[in-house]
Amino acid sequence: MDIYNFGKELIVEAGKFIEMRMTREFQIDSKSNPNDLVTDVDRETEQFLYTKILERFPDHLIIGEEGHGQNIQDTKGVIWIVDPIDGTLNFVHQGENFAISIGVFIDGEPYCGLIYDCMKRDLYHAKYKNGAYLNEQALLPAENIPLNQSLIAINPKRVLGEETRSPFFKIMAESRSVRSYGSAALEFAMLAKGQISALLFLKLYPWDYTAGVIITGELGFKTSDLYGRELPLLSSSSVISGNPKIHSEILEYFTGDKRLYEYHEKIHGS
């Protein structure tokens, strides 16, 4: 079985593991701040994925949100980038609206992306240059809808600072409306499905966005950081993703804002 088909089976199996694990008690901890939650289920699901991948492909590398692969320094070989539960706050508070996200890269080039909406049991998937699908249904290409006619996804709480609020607030005001769904992976899925026209984040990590970038890229959506640069595989980044028209429009809001640029480079370690 090739990596892509193995990955599709594995991510669904991991979703079943989460559903089973939710029937028992689990511990909730915080990481970088009291609202940055992690649970036993996050850690156990990552370990489940890690074990299964290495049983099948012993020479592959794995980067996981909950600790695996943090010492990887370059993109050589086959790398699986895994978020066992994207949307842990939703998992804890709602018991739904969370996803497993897996992006696979070979020597730094995209190979496949997988997002599994666990409670809906919907699998979004794409093999590079082979189209994108929701379960077995082909997803439709991006439509060039402008910002002023668009519903966009953004995390307002992350952009309230003095350095960030001006351009982000202007974008929100220009859009038709704004939503925050609490899972970047599911927001990429919504983008792929045509339910939103763009998503915009000040800071995400590769396990948040790599699968989504591969899937939406197959449909003609464009993704970059706030300054039009390609997203990294091994470090954090800001993220703009949308149809080509709206992507170009949003980029313009960040041109020439020196204060925001300096803040952006600081929080991403440049």
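Predicted model only: the values in this text are computed from it and were never measured.
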Colleague: Ignoring hydrogens and geometry, is there a side-chain-to-backbone donor-acceptor pair from Asp107 to Gly77 under 3.5 Å?
Modeller: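 Pair found, side chain donor or acceptor close to backbone of Gly77.
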
Colleague: Not counting sequence neighbours, list each pair that qualifies as a ring pair (Phe, Tyr, Trp, His ring centres under 6.0 Å) and has a residue in residues 94-116.
Modeller: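 For residues 94-116, and leaving out neighbouring residues, the ring pair (Phe, Tyr, Trp, His ring centres under 6.0 Å) pairs sorted by first residue read Phe91-Phe98.
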
Colleague: Hey, what do you get for CD (Glu265) to CD1 (Ile267), rounding to the nearest 0.5 Å?
Modeller: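 It is 9.0 Å, given to the nearest 0.5 Å.
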
Colleague: Look only at the side chain of Ser238 and the backbone of Leu226, and say whether a donor-acceptor pair between them is shorter than 3.5 Å.
Modeller: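 Yes: the side chain of Ser238 pairs with the backbone of Leu226.
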
Colleague: Got more than 12 heavy atoms from elsewhere within 6.0 Å of CD, Glu143?
Modeller: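 For Glu143, atom CD is not crowded (no more than 12 foreign heavy atoms under 6.0 Å).
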
Colleague: Taking atom types as modelled, find out whether Ser183 and Asp86 have a side-chain donor-acceptor pair closer than 3.5 angstrom.
Modeller: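 Ser183 vs Asp86: donor-acceptor pair found between side chains.
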
Colleague: Would the number of heavy atoms belonging to other residues, nucleotides or ligands and lying under 6.0 Å from CZ of Arg165 be above 12?
Modeller: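 Check passes, neighbour count above 12.
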
Colleague: If you look only at pairs with a residue in residues 157-199, which of them pass as a ring pair (Phe, Tyr, Trp, His ring centres under 6.0 Å), with sequence neighbours excluded?
Modeller: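 Only Phe168-Phe254 qualify under ring pair (Phe, Tyr, Trp, His ring centres under 6.0 Å).
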
Colleague: Would you check if Asp2 and Lys127 make a side-chain contact, meaning some heavy-atom pair closer than 4.5 Å?
Modeller: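 Side chain of Asp2 against side chain of Lys127, heavy atoms only: contact under 4.5 Å found.
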
Colleague: Check this for me: does any side-chain nitrogen of one of Glu136 and Lys8 sit under 4.0 Å from a carboxylate oxygen of the other?
Modeller: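 No salt bridge links Glu136 with Lys8.
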
Colleague: Would you check if there is a donor-acceptor pair between the side chains of Glu252 and Ser248 at a distance under 3.5 Å?
Modeller: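 Note: Ser248 and Glu252 side chains miss the donor-acceptor criterion.
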
Colleague: Find the distance between OG (Ser150) and CZ (Arg176) and round it off to the nearest 0.5 Å.
Modeller: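 Going from the OG atom of Ser150 to the CZ atom of Arg176 covers 7.5 Å.
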
Colleague: Looking only at atom types and distance, does a side-chain atom of Glu249 sit under 3.5 Å from a main-chain N or O of Leu147, one as donor and one as acceptor?
Modeller: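 Yes.
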
Colleague: How far does CG of Leu54 sit from CG of Leu49, to the nearest 0.5 angstrom?
Modeller: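 Taking CG in Leu54 and CG in Leu49, the distance rounds to 11.0 Å.
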
Colleague: Crowded around Gln137 CD? As in, over 12 foreign heavy atoms under 6.0 Å?
Modeller: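 Count not over threshold, so no.
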
Colleague: Quick one: are Arg259 and Glu162 in side-chain contact, heavy atoms under 4.5 Å?
Modeller: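 Side-chain contact under 4.5 Å: yes.
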
Colleague: Show, in sequence, the C-alpha distance, side-chain angles and deciding distance for Tyr209 and Phe201, and conclude whether the ring pair (Phe, Tyr, Trp, His ring centres under 6.0 Å) test is met.
Modeller: CA-CA 10 Å; Tyr209 59 71; Phe201 289 95; 9.6 Å; no

Colleague: To the nearest 0.5 Å, tell me how far Leu10 CG sits from Ile3 CD1.
Modeller: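 That separation rounds to 12.0 Å.
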
Colleague: Look only at the side chain of Asn144 and the backbone of Lys245, and say whether a donor-acceptor pair between them is shorter than 3.5 Å.
Modeller: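 Yes, the answer is positive, given that a donor and an acceptor are paired below the 3.5 Å cut-off.
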
Colleague: Any sub-3.5 Å donor-acceptor pair from Asn243's side-chain atoms to Phe221's backbone N or O?
Modeller: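 Pair absent, no side-chain N/O of Asn243 close to backbone of Phe221.
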
Colleague: Would you say the side-chain atoms of Glu218 pair up with the backbone N or O of Lys129, donor to acceptor, closer than 3.5 Å?
Modeller: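 Yes, the answer is positive, given that a donor and an acceptor are paired below the 3.5 Å cut-off.
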
Colleague: For residues 223-253, pull every pair meeting ring pair (Phe, Tyr, Trp, His ring centres under 6.0 Å), keeping only residues two or more places apart or in separate chains.
Modeller: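 Every ring pair (Phe, Tyr, Trp, His ring centres under 6.0 Å) pair that includes a residue of residues 223-253, provided the two are not neighbours, is Tyr227-Tyr261, Tyr227-His264.
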
Colleague: Calculate, to the nearest 0.5 Å, the distance between atoms NZ and CD1 belonging to Lys222 and Ile246 respectively.
Modeller: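 So the NZ of Lys222 and the CD1 of Ile246 are separated by 13.5 Å.
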
